[in-house]
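In each ligand, atom 1 is the first atom listed, and ligand 1 is the first ligand listed. No hydrogens, no waters, no symmetry mates; every other heavy atom, side chains included, goes into these values.
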Amino acid sequence: MTTPHDTSAQTAQRIDAMEMTKHRRTPAPDTPQTRAYIRLLEEVSNFQHALVQANPTAEASDELIAKLASVRETLEQAAVPEAERLYARGELSGGEMQVLMPPLTVEHVDDHEFRAHTVAGEFAMGMNQAMHGGVVSVLFDTAMGRLAMGTEMLSARTVYLTTQYRNITPIGERLDLTATVDTVEGRKKFISGQLWHGDTLCAEADSLFVAVKPGQQ
Ligand SMILES: CCCCCCCCCCCCCC(=O)SCCNC(=O)CCNC(=O)[C@H](O)C(C)(C)COP(=O)(O)OP(=O)(O)OC[C@H]1O[C@@H](n2cnc3c(N)ncnc32)[C@H](O)[C@@H]1OP(=O)(O)O
């Protein structure tokens, strides 16, 4: 039996970063299978929020563990290599096709500017109804990474990302995320971003993204 952290030889796969980016940024076809998978991810996300809010009894936890193990086995039987997966597919569907971070609704992206908004559930909380700092950074990394790809959808990697936390980032309220390309130097794009709650600046970040070269993993 595998554990949830195993990467079996059957599905582990490393290919050229440009090829993988092409696959990941191509939206999954709008089929009953894709639509059902999106509903599954929504339910997983709802589960995550419920999980962190609940204090189940020992009996209830044991019952849940048995049910989850059965669900996991069903998923393991449907495992496919990364370049065939539905997960995290799409140009702008940062929200519906992944469960790594609060769903981002993208309003605009071109070669210079990215704008999106989100409402985070309790799974994204550090404590006291404030977003975990790592989640703030993953939001910036995604927004800035998508902006670095630009309209040509070039594959780019984060070289550095520095986040300054200015105010608490609230859970359960609309947050606006913006990013701007400040400078382009060959393969390098220097990008800055801000996370707002209304007129309050929650966090800002500076980053450098570098376009990958052909043949890089
Ligand atoms: C929400 C809606 C969106 C949905 C879509 C989702 C999109 C998702 C997007 C998600 C996105 C998520 C993205 C992620 O999370 S990517 C994952 C996190 N990042 C990484 O793992 C990157 C690891 N590093 C590398 O792979 C290599 O280092 C790379 C490939 C980046 C560069 O190695 P390479 O051998 O190719 O290049 P180079 O070493 O010649 O360097 C190149 C240039 O950079 C300059 N340099 C290097 N380091 C620094 C430094 N610290 N400060 C200042 N400058 C620095 C260097 O001097 C040189 O400049 P120049 O001499 O050419 O002038």
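- Considering backbone and side-chain atoms together, R25 places no N or O closer than 3.5 Å to any N or O of ligand 1.
- Using a 4.0 angstrom heavy-atom cutoff, V106 counts as in contact with ligand 1.
- Heavy-atom proximity to L104, at under 4.0 Å, picks out these atoms of ligand 1: 1 (C).
- Expressed to the nearest 0.5 Å, how far NZ of K189 lies from CG of L154 amounts to 6.0 Å.
- Of the polar atoms of T158, at least one N or O is found under 3.5 Å from an N or O of ligand 1, judged by distance alone.
- With atom 58 (C) of ligand 1 as the reference point, the heavy atom nearest to it among M144, M153, K188 is part of K188.
- With no hydrogens or angles considered, a side-chain donor-acceptor pair links D111 and T151 at under 3.5 Å.
- Geometrically, ligand 1 and R146 share no nitrogen or oxygen pair separated by less than 3.5 Å.
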| message | Before you tell me yes or no, could you show the steps for E113 and H108 under side-chain hydrogen bond (donor to acceptor under 3.5 Å, both in side chains), namely the whole-Å CA-CA distance, both residues' side-chain angles and the distance that decides it to 0.1 Å? | response | CA-CA 7 Å; E113 195 191 359; H108 177 80; 4.6 Å; no
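- Closest heavy-atom approach to atom 51 (N) of ligand 1 among the candidates L177, V159, L208: V159.
- Using a 4.0 Å cut-off to heavy atoms of V210, the atoms of ligand 1 that qualify are 44 (O).
- Between M18 and P214, the shortest heavy-atom contact is CE-N, 3.7 Å.
- With hydrogens and angles left out, the side-chain atoms of T31 and Y37 include no donor and acceptor closer than 3.5 Å.
- Looking at T180 and S192, their side chains never bring a donor and an acceptor atom within 3.5 Å of each other.
- If you look at K213 next to ligand 1, the close heavy atoms, those under 4.0 Å, all belong to the side chain.
- Contact analysis leaves R24 out of contact with ligand 1, as no non-hydrogen atom separation drops below 4.0 angstrom.
- A heavy-atom distance below 4.5 Å is not found between the side chains of Q48 and L51.
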